[in-house]
Amino acid sequence: MLFSQGENMKIAILISGRGSNLKAILNAEEKKQLGQAEVILVVSNNSKAKGIEIAKSFDKKTISLEANNFKTKEAYEKELGDIIENHSVDLIVLAGFMRILSLYFINKFRNKIINIHPSLLPSFPGLNAQKQALDSGVRVSGCTVHFVNEHVDAGPIILQKAVEIVEDESEFSLSEKILKEEHKLLPQSIKMISEAKVKIEQNKVRIVK
Ligand code: GAR
């Protein structure tokens with residue numbers, strides 16, 4: 001597994017903005033609903049992200065790492081990778097982190113990065129997933145937690161939750177409906193990983209009972 005059995009699984013959460021998924025994870029941790037997982041670090045690529053204040057209110061260490069302070073994407077990701085390694089992080093959680101990670105970073109931390117996306121992948125990857133779902137006319141959408149691979153919003157799927165799209169659904173109402181489920185799905189996925197219940201086999205996740 002990713003970490004030594006019997007020890008806590010150390011998590012870094014990467015954010016870019018609002019931080020509501022971060023808050024859901026920290027609430028779960030506070031209520032002892034995060035299994036063996038412990039949030040040790042929150043990194044934001046935006047120093048003005050609301051999520052930074054949320055992390056601080058839970059007494060979490062925060063680091064702002066803005067891309068425009070680095071000459072290249074490589075230099076940015078080298079620094080991010082060094083921070084992750086220096087904190088002995090076992091799992092990186094992308095919670096609304098709106099930067100595409102390069103193959104260099106993904107290979108360095110393969111099978112140690114998870115992401116939440118507001119659609120039922122593989123449908124509607126990329127930006128504005130809720131609008132994409134509405135525009136396509138599907139009757140259900142939802143959210144997905146998955147391991148990150150070299151493709152955008154792809155990689156072995158850990159958990160998904162569907163929500164119904166009703167007549168005259170707005171992008172706002174659909175986003176809210178999905179977000180409510182995201183807030184349960186991401187902590188639940190982290191808990192399962194920390195309890196070694198999530199295995200990757202032939203590019204698919206097997207949930208061990
Ligand atoms: C969430 O809806 C998350 O699924 C989405 O950004 C939002 C972040 O909200 N992520 C993506 O679209 C990634 N492709 P939050 O900052 O309140 O957690």
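One-based numbering, in listed order, for ligands and for the atoms of each.
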Practice task
Indicate yes or no for a side-chain donor-acceptor contact from E30 to the backbone of I25 under 3.5 Å, with no hydrogens or angles considered.
Solution key: no
Exercise for the section: Please confirm whether M98 comes under 4.0 Å of ligand 1, counting heavy atoms of the residue only. Expected result: yes
Practice task
Please answer whether the main-chain N or O of S44 pairs with a side-chain N or O of S64 as donor and acceptor at a distance below 3.5 Å.
Solution key: no
Handout entry: Backbone of G126 reached by a side-chain donor or acceptor of D153 within 3.5 Å
Key = yes
Problem - 4.0 Å heavy-atom contact, G19 with ligand 1 - result: yes
Exercise for the section: Ignoring hydrogens and angles, state whether a donor on the side chain of H183 or K23 is under 3.5 Å from an acceptor on the partner side chain. Expected result: no
Exercise for the section: Could you establish whether I15 and ligand 1 come within less than 4.0 Å of each other, counting only heavy atoms on the residue side? Expected result: no
Exercise for the section: Tell me which protein heavy atom sits closest to atom 5 (C) of ligand 1, plus the residue, atom name and distance to 0.1 Å. Expected result: P118 CD, 3.8 Å
Fill in the blank from the handout: ligand 1 atoms nearer than 4.0 angstrom to some heavy atom of D153 are 14 (N)
Practice task
Could you tell me whether R110 and E150 have a side-chain N and a carboxylate O separated by less than 4.0 Å?
Solution key: yes
Exercise for the section: Give the residue and atom name of whichever protein heavy atom lies nearest to atom 10 (N) of ligand 1, and the separation in Å to one decimal. Expected result: I116 O, 3.6 Å
Handout entry: Under 4.0 Å to a heavy atom of R18 - the qualifying atoms of ligand 1, by number
Key = 9 (O), 15 (P), 16 (O), 17 (O)
Exercise for the section: Distance to 0.1 Å, residue and atom name: give those for the protein heavy atom nearest to atom 6 (O) of ligand 1. Expected result: G96 CA, 3.9 Å
Handout entry: Shortest protein heavy-atom distance from atom 14 (N) of ligand 1, along with the residue and atom involved
Key = H117 ND1, 3.0 Å
Practice task
Give a yes or no answer on whether the side chain of E182 reaches the backbone of N21 with a donor-acceptor pair at less than 3.5 Å.
Solution key: no
Practice task
Check whether any N or O atom of N115, backbone or side chain, sits under 3.5 Å from an N or O atom of ligand 1, and answer yes or no.
Solution key: no
Exercise for the section: Ignoring hydrogens and angles, tell me if any N or O in the side chain of E171 forms a donor-acceptor pair with the backbone of Q130 under 3.5 Å. Expected result: no
Problem - ligand 1 atoms in contact with S20 (distance to a heavy atom under 4.0 Å) - result: 15 (P), 16 (O), 17 (O), 18 (O)
Problem - Residue E182 vicinity, atoms of ligand 1 by number, heavy atom under 4.0 Å - result: 1 (C), 2 (O), 3 (C), 4 (O)
Completion exercise
Residues at least two apart in sequence or cross-chain that pass side-chain hydrogen bond (donor to acceptor under 3.5 Å, both in side chains) with E77, listed by chain then number, are S102
Problem - Polar contact flag for G126 and ligand 1 (N/O pairs, less than 3.5 Å) - result: no
Exercise for the section: In plain terms, say whether E195 and K191 are close enough for a salt bridge, that is, a side-chain N and a carboxylate O under 4.0 Å apart. Expected result: yes
Practice task
Please state whether A129 comes within less than 4.0 angstrom of ligand 1, counting heavy atoms only.
Solution key: no
